[in-house]
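One structure below.
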Amino acid sequence: MGQPHSIAISAAPQAVFARYEAVETWPRWDPEVLEVYLPEGLLAGARGWLKPRKGPKSTIIVTEVDHGRSFTVESPLPFGALRFHHRLEATDTGCTTTHWISFTGPLAFLFAMTAGRSIEAGLPQTLAGLKAECEGTEPPAPSSAQT
């Protein structure tokens, strides 16, 4: 498992999950996403593609959904997969949202050491953008280390 990154959001888990379900808005709040296409929506088994700002367009498959609580999206890699995990936990003031990545397959260690570091470095900005989207505020400017 990759390093989990979390952020407190002043919104109920169901409200945050609704932002995830509005797939067409991901590029608005996730600075790492240029375009995304998931015609069946955020449902287990749904297939589409995602074009990150850096890197090639990739197939994505929604592998798990626990509505209002969590979901996982997988992107096939040679001899394995990259998984993006998303979890919401209710708090007294809204929820804590956690994102992390993992790799599967015999080359997982190699992908984790190369692409994994770059992907993980972007997770704090993604979470900050989601927080701003849910709370109706402006997201913070990207740090110079991520631009």
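Residue numbers run from 1 in the order of the sequence given.
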(request) For F17 and H67, work out which heavy atoms get closest and say how close. (result) CE2-CD2, 3.6 Å
(message) Any heavy-atom pair between the side chains of S6 and L127 that's under 4.5 Å?
(response) no
(request) Give a yes or no on whether the backbone of D30 and the side-chain of T126 come within a donor-acceptor separation of less than 3.5 Å. (result) no
(request) Answer whether the closest heavy-atom distance between the side chains of S70 and E64 falls below 4.5 Å. (result) no
(message) If I take atom CH2 from residue W26 and atom CD from residue E21, how far apart are they, to the nearest 0.5 angstrom?
(response) 10.5 Å
(message) If I compare all heavy atoms of C134 with all of I9, which pair ends up nearest, and what's the gap?
(response) CB-CG2, 3.8 Å
(request) Identify whether L130 and I7 are in the same connected component of the hydrophobic contact network (ILVMFWY, side-chain heavy atoms under 4.5 Å). (result) yes
(request) State yes or no: do V33 and L123 share one hydrophobic cluster built from I, L, V, M, F, W and Y residues joined by side-chain heavy-atom distances below 4.5 Å, directly or via other members? (result) no
(message) Rounded to the nearest 0.5 Å, what separates atom CZ in R19 from atom NZ in K131?
(response) 13.5 Å
(message) Is any side-chain heavy atom of S58 closer than 4.5 Å to one of L50?
(response) no
(request) Indicate yes or no: at least one non-hydrogen side-chain atom of F111 is less than 4.5 angstrom from one of I119. (result) no
(message) Are the side chains of L82 and I101 in contact, using a 4.5 Å heavy-atom criterion?
(response) yes
(message) Tell me the closest heavy-atom pair linking P76 and I61, and the distance in Å.
(response) CG-CD1, 4.2 Å
(request) Taking the side chain as every heavy atom from C-beta outward, state whether L77 and L107 have any pair of such atoms under 4.5 Å apart. (result) no
(request) Find out if a path of hydrophobic residues (ILVMFWY) with successive side-chain heavy-atom gaps under 4.5 Å connects L42 to V16. (result) yes
(message) With a 3.5 Å distance limit and no angle check, can you tell me whether Q3 reaches the backbone of E120 through a side-chain donor-acceptor pair?
(response) no
(message) Can you tell me how far apart CD1 (I60) and NZ (K51) are? Round to the nearest 0.5 Å.
(response) 13.5 Å
(request) Verify, without hydrogens or angle tests, whether T59 (side chain) and S75 (backbone) share a donor-acceptor contact under 3.5 angstrom. (result) no
(message) Please give me the minimum heavy-atom distance between P106 and F79, naming the atom from each residue.
(response) CD-O, 3.0 Å
(request) Look at the side-chain heavy atoms of Ile, Leu, Val, Met, Phe, Trp and Tyr, link any pair under 4.5 Å apart, and say whether L38 and W29 land in one connected group. (result) yes
(request) May I ask you to test the T97-Y20 pair for a side-chain heavy-atom distance under 4.5 Å? (result) yes
(request) Inspect the contact between R53 and E32 and indicate whether a charged nitrogen and a carboxylate oxygen are less than 4.0 angstrom apart. (result) no
(request) Quick one: list whatever passes side-chain contact (heavy atoms from CB on, under 4.5 Å) with A22, sequence neighbours left out. (result) E24, T25
Sequence neighbours left out, cut at 3.5 Å: what donor-acceptor pairs do the side chains of residues 86-94 make with other protein atoms?
residue : atom : partner : partner atom : Å
H86     : ND1  : F71     : O            : 3.3
H86     : ND1  : F84     : O            : 3.4
R87     : NE   : E89     : OE2          : 3.1
T91     : OG1  : T93     : N            : 3.4
T91     : OG1  : G94     : N            : 3.1
T91     : OG1  : G94     : O            : 3.4
T91     : OG1  : C95     : N            : 3.3

(request) Give a yes or no answer on whether the side chain of E135 reaches the backbone of S10 with a donor-acceptor pair at less than 3.5 Å. (result) yes
(message) Are W49 and E35 packed together at the side-chain level, in the sense that at least one heavy-atom pair is separated by less than 4.5 angstrom?
(response) yes
